[in-house]
Protein chains: 2
Amino acid sequence: MAVRFVRKLEKYGRLSKTECQVIVDVSQNTRKIAARKSILHEDENSQKSCVILSGLACRYKIFEDGARQIVGFLVPGDFCEGYAHQPEYHLGTLSQCLIAYLDNDALAGIMDEYPRISRNLWRTSKAEAAVLREWLVNIGRRPADKRVAYLICELCTRLDGSDVDVAGGCALPVSQIELADATALSTVHINRVLSRLRDNKLVTLQRRSITIKDLGRLKAYAQFQDAYLQLPKSA
Amino acid sequence: MAVRFVRKLEKYGRLSKTECQVIVDVSQNTRKIAARKSILHEDENSQKSCVILSGLACRYKIFEDGARQIVGFLVPGDFCEGYAHQPEYHLGTLSQCLIAYLDNDALAGIMDEYPRISRNLWRTSKAEAAVLREWLVNIGRRPADKRVAYLICELCTRLDGSDVDVAGGCALPVSQIELADATALSTVHINRVLSRLRDNKLVTLQRRSITIKDLGRLKAYAQFQDAYLQLPKSA
DNA sequence: GGCTCACATTCACTCAGGTTAATGTGATGA
DNA sequence: TCATCACATTAACCTGAGTGAATGTGAGCC
């Protein structure tokens, strides 16, 4: 399964056989985590990083009053660090996940020795920032309906890029509560929005599974451009 | 002036004399840019990256309808890439700036040769992502007054960390229009918010200069925690 | 079957912040 | 001295989305 991580990193630039093997070797400490559990938090793992090998996870911030803002979803192949210095941030599973835990020190050693691995890790981090910028724009400037549609487009596109078969319809383990936390809307409003999107035959999201009749139409509606998820030719 | 960049990178981990020199050498192509100009866009520079050596700049996305979302400010020492594949994103100056243009290929060569430089660049990128996450939370979850206050706290803290003297009051070349574009509020509402903040003796922002009577009180009001701007001990 | 739990749905009401538009203000410059 | 420009300010009105609360729906379990 660690090959998921290798495949992701290879998208950001060619790696040698040795380099691929090094990545596989460092990703051997895996663990299966149930749905809706916290990972990388308040335990010995805070000094580690992790890679999602299967399933869907998300990163979020919790406020003292219990409010929550999801700041990103993680699909198979995604790398994520523990942020020991920001205890208000959490990483949690949405579905059952297979996680590889990487030791930060081991990783640092590898990055010193294999510059192409560190370059690719750098690129994953820049790609993550590009996604965050789009989230900012999405939450900041788009009305509720397009906001939700956009998020769905992004999730499907990213899942598709991680070899999860999406085409037309698939399981999407995201509740309305979680959609609300990700889009900065209320659950009630998410419900209104989803039923409108359903009425307009754009998406149907029910019982943790999603059906998209016409992805092109949905993307057009949401003004979704996937260039930011594509990889820059250089850089 | 290239020392600004070196100093910033050194914050993310010790560098040798040679490494520092390499960074200075690659940052020699500098240019002075007037306030409110676009940089790194639609010209030969799109294949380059740049570093802000002095002044204040911002990155933003423009919509077809002219709406704009600022997705980040750049203070002296900040590194930024051109995104040739995302032409809707721009980089612009707010004040007069001194910019160093770096060649992407030269940079790639350096990263291959000096793993510690690439590690530090990676860390700057992770730091940028941390800032973006906070923006997301700020725009997503905080009411207008705290949102603006928070942004001001962030800007001041980052300027302070770039050796710009802020203490108590300083020039802040940000108009109400730009504040609105950064916080996803209307200019009219920004004006209401600013006068309320002024009435509550939290901040005074007038004529491109800012006065903070009691930074501690402002931070408390905005629930601003600067941990995310501090550097993690490891990683 | 009936109980519980976790979500989803719908309704009535409220409000933060948007919109439009008029007016003010100060810097620049012919 | 007056014109212009770029912002800032204020007011009146509107609306998208939030809130609270009641009700529905299915899955899992005893």
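Here is how names work: the chains are called A, B, and so on, in the same order as the sequence lines, proteins then strands, and each is numbered from 1.
- Comparing atom distances between the S175(B) side chain and each of dA8(D), dA17(D), dG17(C) picks out dA8(D) as nearest.
- The side chain of R207(B) has dA27(C) as its nearest neighbour among dA27(D), dA27(C), dA8(C).
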Subject >> Test side-chain hydrogen bond (donor to acceptor under 3.5 Å, both in side chains) applied to E154(A) and T157(A), step by step >> reply: CA-CA 5 Å; E154(A) 189 213 274; T157(A) 306; over 6 Å; no
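- Checking the phosphate oxygens (OP1, OP2) of dA8(C), no side-chain nitrogen or oxygen of N191(A) falls inside 4.0 Å.
- Residue pairs meeting the ring pair (Phe, Tyr, Trp, His ring centres under 6.0 Å) criterion with at least one member in residues 125-164 of chain B, sequence neighbours excluded, are F73(B)-W135(B), Y150(B)-F224(B).
- Under a 4.0 Å N-O distance rule, the pair E134(A)/K61(B) qualifies as a salt bridge.
- Between R198(A) and dT9(C) there is a side-chain N or O to OP1 or OP2 distance below 4.0 Å.
- Of the options E81(A), E128(A), E88(A), a salt bridge (charged side-chain N to carboxylate O under 4.0 Å, His left out) to R59(A) is made by E128(A) and by none of the others.
- At the phosphate of dG26(D), neither OP1 nor OP2 sits under 4.0 Å from any side-chain N or O atom of R208(A).
- One interatomic measurement links the two molecules: CG of D181(A) to P of dA17(D), which rounds to 17 Å at whole-angstrom precision.
- Position along DNA chain D of the nearest nucleotide to D145(A) versus V174(B) favours V174(B) as the more 5'-ward residue.
- Looking at R192(A), its side chain comes within 3.5 Å of the base of dG18(D) through a donor and an acceptor atom.
- Taking every side-chain heavy atom of V188(B) into account, dT10(D) is the closest of dG17(C), dA8(D), dT10(D).
- Within 4.0 Å (heavy atoms only), A180(A) reaches no atom of the nucleic acid at all.
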